[in-house]
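Lettering of chains follows the sequences in order, A, B, ..., and the numbering in each one begins at 1. Fair warning: this is a prediction, and the values are worked out from it, not measured in the lab. Every heavy atom of this structure was used, including side-chain atoms; hydrogens, water molecules and symmetry mates were not.
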Number of protein chains: 2
Amino acid sequence: MKIDPDSTADFSAQIAKAIRDAIVSGDLLVDQRLPSEAELADQFDVSRPTVREALKRLAAQSLIRTQRGATGGAFVNRLRFEEAYDQQVTTSTLLLSMNSVSFDVACEARYALERACAPLAAQRRTPDQLATMRAEIHRQSQPGLTDEAFCASDVTLHRALVDGAGNKVLSYQLAGAVEAMQPLMNMITFTARSREVIVALHTDLADALEAGDAARTDETLLKLESYTRELAHSVVTARAAKAKHQQEAKKAKPKERKTV
Amino acid sequence: MKIDPDSTADFSAQIAKAIRDAIVSGDLLVDQRLPSEAELADQFDVSRPTVREALKRLAAQSLIRTQRGATGGAFVNRLRFEEAYDQQVTTSTLLLSMNSVSFDVACEARYALERACAPLAAQRRTPDQLATMRAEIHRQSQPGLTDEAFCASDVTLHRALVDGAGNKVLSYQLAGAVEAMQPLMNMITFTARSREVIVALHTDLADALEAGDAARTDETLLKLESYTRELAHSVVTARAAKAKHQQEAKKAKPKERKTV
DNA sequence: AGACATTAATATGTATGACAAATGAAAATT
DNA sequence: AATTTTCATTTGTCATACATATTAATGTCT
């Protein structure tokens, strides 16, 4: 194992890549122990801090875990779905917030993916998952609920729907899409009227799933999607109108400064 | 900013988490410069190597980028879809290979997701994307193609289908699902007959997309899924039969050792 | 004055050496 | 035989130094 001193990349990045490739290619197996930091430093002909930086990079991706002590060291980590979830969610959340993804695009993606689960969920959803959905629907109908709590409950309900498909890979792939939407959803102010509509649709959704009716599930999701987009749109136009109003007021009395 | 010396987690992990939270919460904005390593070391009351390990963790997740020189430092990185793709693909690939996910489960997830794109793609696919699909279909009909090249072409074709939905979020979410399947697909040996069938189905798929026929696109994808699963199943049973045969042969002549 | 070379300052990248702390295995003791 | 002690190994952390890249300021020459 050697690295290229002329490469533009850092040594630690090159070393991390070399080890990562070895893991992905199956050269290093799960739970297998890597050489100690000192040995790696020898092999790659770099210092120990440099090796450590490389190992921390891999640890950040959950590719290895480290253990102190006599029989310790760095071990190839069995990547679990739960760990992968978390990374997916943060990555997806940042992707949406940093790339000015419109609400419509994100919403379309989310419901397209959920609808992909619908037929499977109608067929396989467990009583437990159905109960989770009913419980969340009940919570959503409570009057005192904050908008954030309402959105969080919405995410839980939709996660139950996705998990209802009984396919771990599907659940994993959709976790990001569903949860990453939450910050965008949180920007919506839910009126009593809109909550009522959403709860009704959620109830339809649970009913359709309980009946094992894939077509009705799909229809309900379509309705939910269009209603959600309507809601978001009305929020956006309301904000724009408000901003315009404030701007005109400012023009009329230019002497007044911000009192925020 | 302070860290907990009594925590079980490494200092570098704690510092990475603190900075990551600041980025995710919007406390640190895109392209904003972090304090220098020396300043961070002061603020967190740790040494510079420890700060560097934390920064390398964040760099591994593409959350920051670093630049050398007088005006250099660590900057909050705008997470691009392309970078996120790569991480998604490696993560998904490892998830599948390390958790003994069955071909059926992965295949089901993949086609469920692709079918979610189908109606959108039928409506929006660009001529360019259609041309890509046609070109790959043509390549797949070449006789000299290796199995690996055939699978790679398959991935390219399906990526074009997914991208045809014209939704970046959707494309990103599905990149992992589609590409992560390739190693599993590579295990299939394609006979001339099976390639013929697949190419025919791919042609149907392109035709349906060209006609903007969502229903036919969906049907074709369903056929492709069931055929793919049939193929995989036949491979598995063939292997099992072969293994059984070899085992019996071994039993008959126990003196023979492995000659591999 | 303007163009170019020099220097200095700042930051990351890397190396060296040291010590602390955790951990398990071997050795010593009861 | 069971328990305690010792010890070797390995990661975690620190301090310091130097190399290198990059920019800004400075100086020099035409």
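OP1 or OP2 of C:dA15 has at least one side-chain nitrogen or oxygen of A:T50 nearer than 4.0 Å. Between B:T66 and C:dG13 there is a side-chain polar atom (N or O) within less than 4.0 angstrom of OP1 or OP2.
You'll find a donor-acceptor pair under 3.5 Å spanning the side chain of B:R68 and the base of D:dT20, going by distance alone. Donor-acceptor pairing under 3.5 Å, judged by distance alone, is present between the side chain of A:R48 and the base of D:dG12.
Distance, A:E53 CD to D:dT11 P: 16 Å, rounded to whole Å. Residue A:D10 contributes atom CG, which lies 15 Å from atom C1' of C:dA15 at whole-angstrom precision. Straight-line distance from the CD1 atom of A:I64 to the C1' atom of D:dT10: 14 Å, rounded to whole Å. Rounded to an integer number of Å, the gap from CZ of B:F75 to C1' of D:dT22 is 12 Å. Rounded to a whole Å, the CD atom of B:E37 is 8 Å from the C1' atom of C:dA11. For the pair A:L34 CG and D:dT11 C1', the computed distance is 13 Å after rounding to whole Å. Distance, B:Q67 CD to C:dA11 P: 13 Å, rounded to whole Å. For the pair A:L40 CG and D:dG12 P, the computed distance is 13 Å after rounding to whole Å.
Nucleotides of DNA chain D nearest to A:R52 and A:A70 differ in position, and the one nearer the 5' end is that of A:A70. The residue among A:T71 and B:T71 whose nearest nucleotide of DNA chain C is located toward the 5' end is B:T71. Of the two residues contacting DNA chain C, namely A:G69 and A:P49, the nearest-nucleotide position lying further toward the 5' end is that of A:P49.
A:S62 and A:Q87 share a donor-acceptor pair across their side chains, judged by distance under 3.5 Å alone. Side chains of A:Q129 and A:T126: a donor-acceptor N/O pair is present below 3.5 angstrom, by distance only.
Judged purely by atom type and a 3.5 angstrom limit, B:N77 has no side-chain atom pairing as donor or acceptor with the backbone of B:R65.
Within a 6.0 Å radius of CZ in B:R124, more than 12 heavy atoms belonging to other residues, nucleotides or ligands are found.
The pair A:R110-A:D154 meets the salt-bridge criterion, since a charged nitrogen lies less than 4.0 angstrom from a carboxylate oxygen.
Counting any heavy atom pair closer than 4.0 Å across all strands shown, B:R33 reaches sugar-phosphate atoms only and no base atom.
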